[in-house]
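Notes follow the structure.
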Amino acid sequence: MTEKTHIVGLTREELAEKLKEHGFEAFRAKQIWHWIYHRGVTDFAQMTTIAKKQQSLLAEHFTVGRPGIARQLTSFDNTRKWLLEFEDGNKAETVFIPEEDRGALCVSSQVGCTLTCSFCHTGTQKLVRNLSAGEIIGQVMIARDGLEEWSRPREDCLFTNIVLMGMGEPLFNYDNVARALRIIMDMEGIAISKRKITLSTSGVVPMIRRVGEELGVNLAISLHAVRDELRDVLVPLNKKYPIAELLEACRTYPAANNARRITFEYVMLKGVNDSDADAHELVRLLRNIHAKVNLIPWNPWPGAPYETSTDERIAAFARIVNDAGYSSPVRTPRGRDIFAACGQLKSDSERKKGEKVWLGDQPGA
Ligand code: SAH
Ligand code: SF4
């Protein structure tokens with residue numbers, strides 16, 4: 001028996017092409033796309049605009065799967081976390097953070113991360129592999145399933161935004177991330193627009209321009225330090241792409257303007273990067289960039305060599321940045337009790353001893 005084709009992850013053109021091979025007319029791709037991505041249907045038998053005979057033909061050759069759910073947790077603050085299990089047994093987490101009238105899904109791009117930022121739990125995980133486009137989209141579909149929002153009018157949905165801030169470095173998996181985002185942004189499907197999607201990178205400079213030109217989504221930069229000596233330690237990728245180069249890429253980011261600013265993420269580490277002098281230097285560095293700053297109280301994890309800055313220190317830091325004209329909200333930690341807060345994600349996928357993991361052509365790999 002031949003393997004069935006997974007539909008989730010195919011572009012609309014690819015879907016039409018595959019369907020044609022089985023004798024389907026071109027307009028069927030549009031219908032099926034709508035059922036899968038707009039209505040959330042996984043069973044061809046529920047696609048009532050398609051004749052029974054054709055439904056069976058589809059079921060014979062295609063599948064609309066979801067990743068398995070290994071575990072799901074809900075925090076006291078209603079943050080929800082799903083630990084997903086993919087076909088090969090690898091796992092990754094996805095987290096939904098509800099707010100008053102909107103909510104963001106924090107999506108993972110890799111199992112683990114090849115980078116080893118010293119304050120990040122994901123960076124300590126041994127096993128790393130890229131997630132496929134289907135696995136990235138699968139996270140969005142699982143969240144819509146779990147929130148029961150497929151059949152609700154979009155204006156009543158809580159799931160409005162996506163942040164690529166889960167496990168992994170999205171720009172080390174650019175092709176799959178870009179493919180997934182194009183499918184997610186398709187207005188006849190999941191229909192989350194580029195303005196509601198933010199991609200966070202630790203600073204893979206050569207890929208940043210492409211994000212703006214090809215995807216046009218919002219950009220977030222994990223800056224965390226204002227001097228190269230310190231950033232080399234906190235975000236080791238800095239040794240390859242130092243602060244000046246990173247900021248130059250931001251200055252010329254095609255999708256940024258006064259209304260759509262680049263977010264600079266800055267994790268607050270007690271006695272490490274949280275002085276007044278650091279805040280003043282940050283302001284100096286951001287000159288001529290359409291920027292806002294997001295101060296993130298560091299979220300602890302077992303064995304980490306850091307402490308979170310005090311509330312007073314964070315407030316003083318924020319004031320300096322704010323007085324210089326940059327919005328600088330302090331991010332309230334969400335879902336800490338279920339280990340779902342920034343930088344706490346780590347699945348129990350571990351690399352088998354001696355196993356080689358291929359990560360494709362990626363800068364810095
Ligand atoms: N790899 C990408 C995206 C995932 S990390 C990146 O680094 O940007 C998402 C954000 O959480 C990043 O800004 C990261 O620096 C931050 N982060 C990581 N560990 C953290 C921790 N323990 N506490 C608070 N923020 C953390
Ligand atoms: Fe990877 Fe981002 Fe964590 Fe750094 S902060 S180890 S790039 S996930």
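All of these numbers come straight from a predicted model, not from anything done at the bench. All ligand and atom numbering here is 1-based and tracks the order in the structure.
- A salt bridge does not link Glu93 with Arg71: every distance from a Lys NZ or Arg NE/NH1/NH2 to an Asp or Glu carboxylate oxygen is 4.0 Å or more.
- Heavy-atom separations between Trp301 and ligand 1 include at least one value shorter than 4.0 Å.
- Below 3.5 Å of separation, one finds no N or O of Pro170 facing any N or O of ligand 1.
- No continuous path of hydrophobic side-chain contacts links Ile296 to Ile320 [ILVMFWY only; heavy atoms under 4.5 Å].
- A salt bridge does not link Lys18 with Glu14: none of the charged nitrogens is closer than 4.0 Å to a carboxylate oxygen.
- Taking a distance limit of 4.0 Å, we find that atom 4 (Fe) of ligand 2 is approached by some protein heavy atom.
- Checked for salt-bridge contact, Arg227 and Asp232 miss the test: no charged N lies under 4.0 Å from a carboxylate O.
- Remark: distances from the non-hydrogen atoms of Gly166 to ligand 1 include one below 4.0 Å.
- Distance check, rounded to the nearest 0.5 Å: OG of Ser132 to CG of Asp88 gives 9.5 Å.
- Numbered from 1 in the order shown, with element, the atoms of ligand 1 that lie under 4.0 Å from a heavy atom of Cys120 read 18 (C), 19 (N).
- Atom numbering of ligand 1 starts at 1 in the shown order; those under 4.0 Å from a heavy atom of Glu169 are 1 (N), 2 (C).
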task: Give the intermediate values and the outcome of ring-ring contact (aromatic ring centres under 6.0 Å, His included) for residues His290 and Tyr253.
output: CA-CA 9 Å; His290 299 292; Tyr253 184 65; over 10 Å; no

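- The proximity of Asn299 to ligand 1, defined as any non-hydrogen pair under 4.0 Å, involves the side chain as well as the backbone.
- When the heavy-atom distances from atom 14 (C) of ligand 1 to Met167, His224, His121, Met165 are ranked, the shortest goes to His224.
- Classification of Arg12 and Glu188 as a salt-bridged pair holds, one side-chain N sitting under 4.0 Å from a carboxylate O.
- Ion pairing between a basic and an acidic side chain is recognised when a charged N comes within 4.0 Å of a carboxylate O; Glu149 and Arg152 show such pairing.
- Side chains of Ser222 and Tyr266: no donor on one and acceptor on the other come within 3.5 Å.
- We find that Asp274 and Arg313 are not joined by a salt bridge, their nearest charged nitrogen and carboxylate oxygen being 4.0 Å or further apart.
- Below 30°, between 30° and 60°, or above 60°: for Phe62 and Phe44 the angle between ring planes is above 60°, a perpendicular geometry.
- Nearest to atom 1 (N) of ligand 1 by heavy atom, out of Cys113, Ser202, Gly168, is Gly168.
- At a heavy-atom cutoff of 4.0 Å, ligand 1 is contacted by no atom of Leu115, backbone or side chain.
- Heavy-atom proximity to Ile296, at under 4.0 Å, picks out these atoms of ligand 1: 24 (C), 25 (N).
- Taking the six-membered ring for Trp and the full ring otherwise, Tyr326 and Phe264 have centroids separated by 6.0 Å or more.
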Give the table of side-chain donor-acceptor pairs shorter than 3.5 Å for residues 190-200, with sequence neighbours excluded, one pair per line with atom names and distance.
from: Ser193; atom 1: OG; to: Arg195; atom 2: N; distance (Å): 3.3
from: Ser200; atom 1: OG; to: Glu265; atom 2: OE1; distance (Å): 2.7

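- Close contacts of ligand 1 with Thr201, meaning ligand atoms under 4.0 Å from a residue heavy atom, involve 6 (C), 8 (O).
- For ligand 1, the atoms closer than 4.0 angstrom to any heavy atom of Glu265 are 10 (C), 12 (C), 13 (O).
- Neighbouring protein atoms of atom 3 (Fe) of ligand 2 (N, O or S, distance under 2.8 Å, waters ignored): Cys120 SG.
- Residue contacts with ligand 1: Phe119 is placed with a nitrogen or oxygen under 3.5 Å of a nitrogen or oxygen of the ligand (distance criterion only).
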